[in-house]
Amino acid sequence: MGDTIRWGIIGPGKIAHSFAKDLKLVSDGILTAVASRNIEKAELFAKEYNAKHAFGSYEELFNCDEIDVIYVATPHTLHAQWSIKAMNHGKHVLCEKPMGVNLSEVEEMIACAKRNQVFLMEALWSRFNPTIRKVKELVDVGELGKIGYLHADFAFYGLDRSKEGRVLNPNLAGGSLLDIGIYPIFLAYVLLGKPEKIKAASQFYKTGVEVQTSMIFEYEKAQALLYSGLTSNSEMKAEIAGSEGSIFIHPRWHEAQGFSMEKGDGLDSFDLPTKGKGYTYEIEEVHSCLKSQKLESDLWSHQNSLDLIGLLDEVRRLTGIVFPFEE
């Protein structure tokens with residue numbers, strides 16, 4: 001691995017633009033190529049971010065010798081397929097969340113990474129956010145005492161979007177849960193671990209996708225109240241409360257710029273502004289792993305991705321969320 005990590009991007013949509021902007025802020029990384037099945041779209045993206053190559057097919061990018069690692073930013077339903085093809089070409093992969101639509105896809109992806117001896121990580125960028133990392137550190141050392149309650153939500157109004165688009169189309173694994181519900185579930189998991197029991201209820205839209213899901217994760221001595229939805233906005237402030245204090249992660253908590261901690265009569269605020277939008281931290285983690293010849297991250301491992309998709313699968317089982325291609 002050279003001093004500069006050379007990136008390729010497939011699926012140059014909205015999130016890929018945010019990623020490419022933040023990649024420019026990471027000194028040892030460069031965007032070398034972008035691929036889209038629409039060559040004009042790839043060329044425009046490449047021009048905007050000074051990428052050397054624009055390809056009209058993903059396979060062309062996989063065959064490019066000038067690429068070290070590929071960021072897979074396609075819709076959910078294509079994550080497994082194209083990540084596996086990239087890894088079979090010997091490419092390292094950062095795959096946008098959710099890594100796969102269900103547990104079997106994620107298991108297949110991890111098996112492929114191990115077979116090809118390449119790096120694979122789910123792009124759960126919030127795990128690397130400085131605020132989230134600091135809050136986890138405080139919880140882990142017992143700063144709040146015994147945690148008894150966690151609340152996290154993520155919602156926006158999405159019912160005015162195209163019925164054929166990613167969010168409302170069941171054939172694209174649409175709905176709130178996999179897209180944004182993954183964040184509250186992640187927070188409960190990373191701070192409290194896997195729950196002993198889950199309760200959940202969902203509301204569905206006329207296209208067949210789920211548009212509201214409320215969850216209770218039950219632990220031995222704690223409960224996590226979690227929510228995702230497309231029918232309204234929400235405050236998106238996360239709360240973690242224990243026997244000796246509480247932490248409030250400032251809105252929008254999944255891309256937090258700081259938090260407040262309440263202990264006794266005092267409330268202290270801590271500002272932890274991100275570099276760029278915050279994708280820089282997961283990019284730096286990928287670079288660190290590649291330069292150390294690690295095939296997975298210690299901060300967000302293959303097992304973490306397996307645990308997370310397992311929780312998502314269980315919520316789907318309880319609420320009856322099934323996609324047409326799974327039937």
Side-chain angles (χ1 to χ4, degrees), residues 97 122 124-155 177 180-201 213-229 233-275 278 280-282 284-285 297-301 303-308 310-312 314-315 318:
K97 57 83 193 159
E122 184 174 20
L124 203 69
W125 67 315
S126 298
R127 177 62 184 95
F128 309 98
N129 177 287
T131 293
I132 303 293
R133 291 183 66 170
K134 184 61 179 178
V135 168
K136 177 170 172 54
E137 177 188 320
L138 292 169
V139 169
D140 287 351
V141 300
E143 188 69 28
L144 302 181
K146 184 68 176 177
I147 302 299
Y149 170 73
L150 182 149
H151 171 260
D153 59 5
F154 195 143
L177 186 68
I180 54 178
I182 190 171
Y183 287 109
I185 292 174
F186 148 77
L187 189 67
Y189 166 70
V190 83
L191 295 181
L192 297 176
K194 293 175 71 173
E196 296 180 353
K197 185 178 180 182
I198 296 175
K199 297 177 182 176
T213 295
S214 295
M215 297 157 276
I216 301 175
F217 280 19
E218 294 192 3
Y219 299 85
E220 183 181 0
K221 295 182 179 179
Q223 290 185 331
L225 276 58
L226 314 172
Y227 173 80
S228 65
N233 293 320
S234 68
E235 185 180 19
M236 292 176 62
K237 180 174 73 174
E239 178 180 357
I240 305 99
S243 56
E244 297 179 22
S246 298
I247 283 177
F248 306 93
I249 307 179
H250 301 163
R252 302 173 351 135
W253 69 263
H254 76 295
E255 55 184 19
Q257 307 293 305
F259 67 97
S260 300
M261 183 162 64
E262 185 177 49
K263 295 190 73 175
D265 296 329
L267 179 65
D268 297 313
S269 289
F270 301 87
D271 293 324
L272 290 168
T274 59
K275 182 165 54 176
T280 49
Y281 304 101
E282 69 176 2
E284 289 168 349
E285 175 68 7
S297 165
D298 294 329
L299 285 177
W300 193 252
S301 67
Q303 187 59 54
N304 293 144
S305 291
L306 288 168
D307 289 348
L308 184 61
L311 294 172
L312 287 161
E314 177 61 10
V315 171
L318 291 169

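Numbering starts at 1 and runs along the sequence shown.
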Under 3.5 Å, which donor-acceptor pairs do the side chains of residues 139-150 form with other protein atoms, sequence neighbours left out?
residue, atom, partner, partner atom, Å
D140, OD2, K136, NZ, 3.1
E143, OE2, K263, NZ, 3.0

Under 3.5 Å, side-chain donor or acceptor atoms of residues 186-197 against the rest of the protein: list the pairs with distances, not counting sequence neighbours.
residue, atom, partner, partner atom, Å
Y189, OH, N304, ND2, 2.8
Y189, OH, D307, OD2, 2.7

Passes side-chain contact (heavy atoms from CB on, under 4.5 Å), M215 versus L177? Steps please. CA-CA 11 Å; M215 297 157 276; L177 186 68; 4.2 Å; yes

Starting from the C-alpha separation in whole Å, work towards a yes-or-no answer on salt bridge (Lys or Arg N to Asp or Glu O under 4.0 Å) for E284 and K275. CA-CA 11 Å; E284 289 168 349; K275 182 165 54 176; 2.9 Å; yes

Quick one, Y183 with H254, criterion side-chain contact (heavy atoms from CB on, under 4.5 Å). Give me CA distance, side-chain angles, the key distance, then yes/no. CA-CA 7 Å; Y183 287 109; H254 76 295; 3.9 Å; yes

Go through the steps for L311 and F217 under the test side-chain contact (heavy atoms from CB on, under 4.5 Å), then give the verdict. CA-CA 10 Å; L311 294 172; F217 280 19; 4.2 Å; yes

Worked verdict on E239 versus I247 for side-chain contact (heavy atoms from CB on, under 4.5 Å): CA-CA 6 Å; E239 178 180 357; I247 283 177; over 6 Å; no

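When all heavy atoms are compared, the tightest approach of E122 to I182 is OE2-CD1, 4.0 Å. Counting all heavy atoms, side chain and backbone alike, N129 lies closest to A256 at ND2-O, 3.0 Å.
Interatomic distance, NE2 of H151 versus OG of S246, reported as 13.5 Å (0.5 Å rounding). Within the model, atoms CG of L225 and NZ of K199 stand 10.5 Å from one another, a figure rounded to the nearest 0.5 Å. Note: E314 CD to I185 CD1 = 10.5 Å, rounded to the nearest 0.5 Å. Rounding to the nearest 0.5 angstrom, the gap separating the CH2 atom in W125 from the CD atom in E282 is 8.5 Å.
Of the possible donor and acceptor atoms, none in the side chain of S214 sits under 3.5 Å from a partner among the backbone N and O of A201. Under a 3.5 Å cut-off, the side chain of S234 and the backbone N or O of D153 do not form any donor-acceptor pair.
Residues meeting the side-chain contact (heavy atoms from CB on, under 4.5 Å) test with A222, sequence neighbours left out: Y219. Not counting sequence neighbours, E262 has no partner by the side chain to side chain donor-acceptor pair (under 3.5 Å) test. Evaluation of the side-chain contact (heavy atoms from CB on, under 4.5 Å) rule for K134 yields E137, L138, F259, L272 as partners, not counting sequence neighbours.
Looking at heavy atoms from C-beta onward, I198 lies out of side-chain contact with I216 at the 4.5 angstrom threshold. At least one side-chain heavy atom of P184 sits under 4.5 Å from a side-chain heavy atom of W253. Taking the side chain as every heavy atom from C-beta outward, E255 and M236 never approach each other to under 4.5 Å. The closest side-chain heavy-atom distance from R127 to R133 is below 4.5 Å. Put simply, the side chain of W300 reaches to within 4.5 Å of the side chain of S305, judged on heavy atoms.
For residues 264-274, the set of pairs meeting the side-chain hydrogen bond (donor to acceptor under 3.5 Å, both in side chains) definition, not counting sequence neighbours, comprises Q257-T274, S260-S269.
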